[in-house]
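Note sheet for the following structure.
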Amino acid sequence: MTKEEEILAAAEEEFFRNGYDASSTAIIAKRAGVTHAMVNYYFRSKERLFLQILDNHVTELLRSLKPLMQADGDMVKVSIDAACVIFDRMNGDRRFPFILSDISRTHPDFLLKYREALDSICRDSLSMHRDRLRKCIDEGRVAECTMNDIYNSVLSLAVTPFLTLPLLENVAGRDEAQVDEFLRERKAEMVKILSSRYSCDR
């Protein structure tokens with residue numbers, strides 16, 4: 001890893017443990033084994049450091065979702081595939097949902113540019129999918145719903161399991177193998193729920 005990557009890894013760990021407000025670039029520098037001046041050299045401020053971490057995660061998520069935004073297959077399958085992509089991205093770094101949740105509460109302004117970017121990227125795709133969804137509903141292949149219904153279902157089913165992990169680990173005392181099994185079960189359940197909720201072919 002480069003020094004910049006080491007700083008990013010240390011910062012992500014610090015933000016996960018303490019939240020954005022209680023974290024400091026001095027502690028991040030210590031965690032990374034670099035000087036405070038080096039952190040400032042690469043990132044200028046705690047905010048810029050945090051936004052770089054956020055950018056990395058959001059960019060990877062959008063890159064994974066982009067093919068599905070343009071997909072023209074079965075509407076329910078596309079929704080399930082999107083949920084699985086989000087679930088797998090969250091599972092790839094289980095700290096990210098907590099960092100995102102923390103910043104959503106404490107500094108929602110940090111997320112405005114992502115909302116605008118997502119709106120810009122998704123506008124045409126969502127319009128196409130709305131038209132496809134309406135056609136599928138009219139043809140009796142998809143249950144009556146809206147794109148917002150699907151979006152909300154996908155997001156809640158794919159992200160919520162990861163927000164319960166501290167309870168499982170720290171209250172219920174589940175070990176790593178048990179947590180992994182819990183997540184496998186939740187992913188399978190997510191697929192079943194989306195299929196039963198929106199497919200008329202069940």
Side-chain angles (χ1 to χ4, degrees), residues 1 4-34 36 39 43 45-65 79-112 114-115 118 151-197:
M1 273 200 296
E4 186 174 358
E5 289 168 337
E6 288 174 2
I7 293 167
L8 284 169
E12 188 162 340
E13 181 65 26
E14 179 68 10
F15 290 135
F16 168 66
R17 285 180 180 276
N18 299 313
Y20 177 81
D21 286 336
S23 296
S24 76
T25 51
I27 301 232
I28 290 166
K30 187 175 179 182
R31 274 186 184 277
V34 300
H36 191 219
V39 173
F43 298 102
S45 68
K46 182 171 81 168
E47 181 177 330
R48 285 191 186 185
L49 177 54
F50 180 84
L51 291 176
Q52 182 62 58
I53 291 168
L54 204 54
D55 277 343
N56 291 348
H57 281 282
V58 172
T59 298
E60 283 302 310
L61 179 59
L62 289 177
R63 186 178 293 128
S64 301
L65 285 171
S79 301
I80 290 170
D81 288 347
C84 288
V85 164
I86 295 169
F87 191 100
D88 291 343
R89 290 300 311 169
M90 297 295 111
N91 200 19
D93 188 348
R94 296 174 185 176
R95 297 174 298 189
F96 181 58
F98 296 98
I99 293 171
L100 197 56
S101 177
D102 172 62
I103 212 67
S104 296
R105 280 185 308 103
T106 58
H107 295 277
D109 50 303
F110 286 3
L111 301 173
L112 287 178
Y114 298 105
R115 194 181 309 159
L118 278 169
Y151 175 84
N152 291 338
S153 293
V154 164
L155 200 58
S156 62
L157 288 168
V159 176
T160 301
F162 298 95
L163 298 176
T164 66
L165 294 187
L167 291 173
L168 288 176
E169 293 167 338
N170 302 320
V171 177
R174 300 294 185 261
D175 61 25
E176 188 175 347
Q178 290 170 316
V179 167
D180 288 343
E181 179 61 21
F182 166 79
L183 290 173
R184 280 192 294 274
E185 289 171 354
R186 295 295 73 72
K187 185 176 181 181
E189 182 180 63
M190 172 184 76
V191 171
K192 287 180 184 176
I193 289 170
L194 290 171
S195 180
S196 65
R197 187 173 291 172

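Scope of the values below: all heavy atoms of this structure, side chains included, with no hydrogens, waters or symmetry mates.
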To the closest 0.5 Å, what do you measure between [atom1] ([X]) and [atom2] ([Y])?
{"X": "E13", "Y": "S23", "atom1": "CD", "atom2": "OG", "answer": "10.0 Å"}
{"X": "L157", "Y": "I86", "atom1": "CG", "atom2": "CD1", "answer": "10.5 Å"}
{"X": "I28", "Y": "I7", "atom1": "CD1", "atom2": "CD1", "answer": "9.5 Å"}
{"X": "L183", "Y": "M190", "atom1": "CG", "atom2": "CE", "answer": "11.0 Å"}
{"X": "L8", "Y": "L49", "atom1": "CG", "atom2": "CG", "answer": "6.0 Å"}
{"X": "R95", "Y": "L100", "atom1": "CZ", "atom2": "CG", "answer": "14.0 Å"}

Any side-chain heavy-atom pair from [X] and [Y] closer than 4.5 angstrom?
{"X": "D102", "Y": "D21", "result": "no"}
{"X": "E176", "Y": "D180", "result": "yes"}
{"X": "R186", "Y": "F182", "result": "yes"}
{"X": "N91", "Y": "K187", "result": "no"}
{"X": "R94", "Y": "V179", "result": "yes"}
{"X": "E14", "Y": "K46", "result": "no"}
{"X": "V171", "Y": "L168", "result": "no"}

Evaluate the criterion side-chain contact (heavy atoms from CB on, under 4.5 Å) for residue pair D93 and E12; output intermediate values, then yes/no.
CA-CA 10 Å; D93 188 348; E12 188 162 340; 2.4 Å; yes
Where [X] and [Y] come nearest, the two heavy atoms and their spacing:
{"X": "S153", "Y": "R197", "value": "OG-NH1, 2.8 Å"}
{"X": "P97", "Y": "M90", "value": "CG-SD, 3.4 Å"}
{"X": "S79", "Y": "V154", "value": "O-CG2, 3.7 Å"}
{"X": "R48", "Y": "S45", "value": "N-OG, 3.1 Å"}

Main chain of [Y], side chain of [X]: is a donor-acceptor contact present, judged purely on distance under 3.5 Å?
{"X": "T160", "Y": "S156", "answer": "yes"}
{"X": "S64", "Y": "V85", "answer": "no"}
{"X": "T164", "Y": "P161", "answer": "yes"}

Across all chains, not counting sequence neighbours, the ring pair (Phe, Tyr, Trp, His ring centres under 6.0 Å) partners of F15 are Y20, F50
Notebook entry, point to check: Any ion pair linking E189 and K192 (charged N to carboxylate O, less than 4.0 Å)?
Noted result: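 Between E189 and K192 there is no salt bridge, as every charged N stays at least 4.0 Å from the carboxylate O atoms.
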- request: Please step through ring pair (Phe, Tyr, Trp, His ring centres under 6.0 Å) for the pair F162 and F98, ending with a clear verdict.
  value: CA-CA 8 Å; F162 298 95; F98 296 98; 8.8 Å; no
Only one of L54, V159, L61 passes side-chain contact (heavy atoms from CB on, under 4.5 Å) with F96, and that residue is L54
### Task
Could you walk me through whether Q52 and N56 pass side-chain hydrogen bond (donor to acceptor under 3.5 Å, both in side chains), step by step?
CA-CA 6 Å; Q52 182 62 58; N56 291 348; 2.9 Å; yes
*asked:* Is there a side-chain contact (heavy atoms from CB on, under 4.5 Å) between E60 and R63? Walk through the geometry before answering.
replied: CA-CA 5 Å; E60 283 302 310; R63 186 178 293 128; 2.2 Å; yes
